[in-house]
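Worksheet: one structure, shown below.
Lettering of chains follows the sequences in order, A, B, ..., and the numbering in each one begins at 1.
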There are 2 protein chains.
Amino acid sequence: MTAPAPPPRSRRSAADRREQLVGIGLQLLPTTPVQELTIDEVARRAGISRSLLFHYFPSKRDYYRAVTRAAADLLRTHLTPPDGVPAADRPAWMLDRYVGWVETYRETHLAFVRGAAGGDPWVAEVYEETREALVDLGMGALGIGAPGGLEDPLRRQLVRSWFAFTEDLVHQWVREPATSREDLLALLTDVLGRLLDR
Amino acid sequence: MTAPAPPPRSRRSAADRREQLVGIGLQLLPTTPVQELTIDEVARRAGISRSLLFHYFPSKRDYYRAVTRAAADLLRTHLTPPDGVPAADRPAWMLDRYVGWVETYRETHLAFVRGAAGGDPWVAEVYEETREALVDLGMGALGIGAPGGLEDPLRRQLVRSWFAFTEDLVHQWVREPATSREDLLALLTDVLGRLLDR
DNA sequence: CGGCTTGCTGAGCAACGGTCAGCACGCTAC
DNA sequence: GTAGCGTGCTGACCGTTGCTCAGCAAGCCG
């Protein structure tokens, strides 16, 4: 009686492996709280030994950082307007895309926000970075100051906090739509407009 | 040569111990990311064995839940207006208290928000609960609907999201005060007022 | 003193993160 | 074709951490 043919352990290129491992992390993150996701599990799903994972990512933190960054990059590119969108429409376009993203991914996105904001400082850092990038993106679309520029700091803080407002409201809206989608979008743009009108 | 007199392990009542252990957790939480806080460390500081801690809290999660809830309760009582405050002043009073709280505890509060919102669902639950209670508190002060009542759901969502806005803005303001304290308070009340005027 | 309650401990287990020496696969050189 | 070599990859091992359990010991009653 021969062994039940262990899965053919293919030999991959380094880049391939990294991609595969990060991909598995992206699949697992939404369903598994960060700290319950074990290296064992990831390695098992990838059909490799734990040791190999440590070969590519020196520590668990590094692995999570990579996964979080990958998730953040997905969101960022999704929110970046293509050249076709006229400058005036960009804020509305981005907002619409953001709502669409949350609608589509619901738990996934919430898990990202939660996982990123919570516990581990190294991962929180990636999240913070992403948030700043999104604020830059948004402020660029609004035509306010250059990214990382010397514009009014209060104004920047307001945009950032408006983002927190939006994040929270959209999440609530997805769970319990208390208004139409159009009204939600209108409300959000209106609030932002008023904030910047000061 | 006698052993260096191990600290006299006093025998405490169950309530005392619980309180002591939660107290240690409250001290440690701000400086230590949730998942790096080990039971060993807590037990060591309390001068007891790990086993005893597991006697009072069936698991690490339960312990963290208790600590988080204690932190949340502190905030809640701090934000609850005493009888002396007239109804009309309560919203402003609470807002002022909230800013004061963040000013005083800075990292501590941030760590609470982070730790609570992050990772572990059981702890996030406590945070969610607290947030709802704070919204109730705020809406009560504003004279909008009874707590847990059947008021306009959109309105409630707006108050909640405004809270997220406030949380974020105050945190930014504490790190980098881009305006005076009075202006910050005025801005926040103004934003809330406009949101509710719809 | 004996017996009861209950605060408390130490030894021990399983699971996890992380390390290390070395195997094996696939390539080129002769 | 086979010797050599870079490198993808593994198994065995270690320390720590969450958690269990049988039982000690301190107080309090009769």
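Base contact: B:R50 has a heavy atom under 4.0 Å from a base atom. Residue-level contact check: A:Y56 touches the backbone only, with heavy atoms under 4.0 Å from sugar-phosphate atoms and none from bases. A:S13 comes within 4.0 angstrom of no nucleic acid atom, judged by non-hydrogen atoms across all strands.
Distance from the side chain of A:R11 is smallest for C:dA24 among the nucleotides C:dA24, C:dG7, D:dT10. Distances were taken from every side-chain heavy atom of B:S59 (C-beta onward) to each of D:dC19, C:dG18, C:dC8; the shortest belongs to D:dC19. Taking only side-chain atoms of A:S51, from C-beta outward, the nucleotide of C:dG18, C:dC20, C:dT9 with the closest atom is C:dC20. Out of D:dT10, C:dG17, D:dC19, the shortest distance to the side chain of A:I39 is found at C:dG17.
Rounded to whole Å, the distance from CD on A:Q20 to P on D:dG8 is 14 Å. Rounded to a whole Å, the CZ atom of A:R61 is 18 Å from the P atom of C:dC16. Separating the CZ atom of B:R65 from the P atom of D:dG18 is a distance of 17 Å, rounded to the nearest angstrom. For the pair B:F57 CZ and D:dT17 C1', the computed distance is 18 Å after rounding to whole Å. Atom CG in B:L53 sits roughly 17 Å away from atom P in D:dC21 (whole-Å rounding). Atoms CZ (B:R18) and P (C:dC8) sit 13 Å apart, rounded to a whole Å. Atom CZ in B:F54 sits about 17 Å away from atom P in C:dA11, given to the nearest Å. Atom CD1 in A:I48 sits roughly 16 Å away from atom C1' in C:dC25 (whole-Å rounding).
One side chain, B:Q172 or B:D168, offers a donor N or O that lies under 3.5 Å from an acceptor on the other.
In terms of heavy atoms, A:I39 sits closest to A:F54 at CG2-CE1, 3.9 Å.
Comparing B:K60 and A:R12 by the nucleotide of DNA chain D whose heavy atom lies nearest to each, the residue mapping closer to the 5' end is A:R12.
Counting heavy-atom neighbours within 6.0 Å of B:Y56 OH, excluding the residue itself, gives a total above 12. For A:R175, the CZ atom sits in a loose shell: 12 or fewer heavy atoms of surrounding residues, nucleotides or ligands are nearer than 6.0 Å.
Look at A:R17 and you'll find a side-chain N or O under 4.0 angstrom from OP1 or OP2 of D:dC9.
In this structure, B:F163 has its ring center closer than 6.0 angstrom to the ring center of B:Y98.
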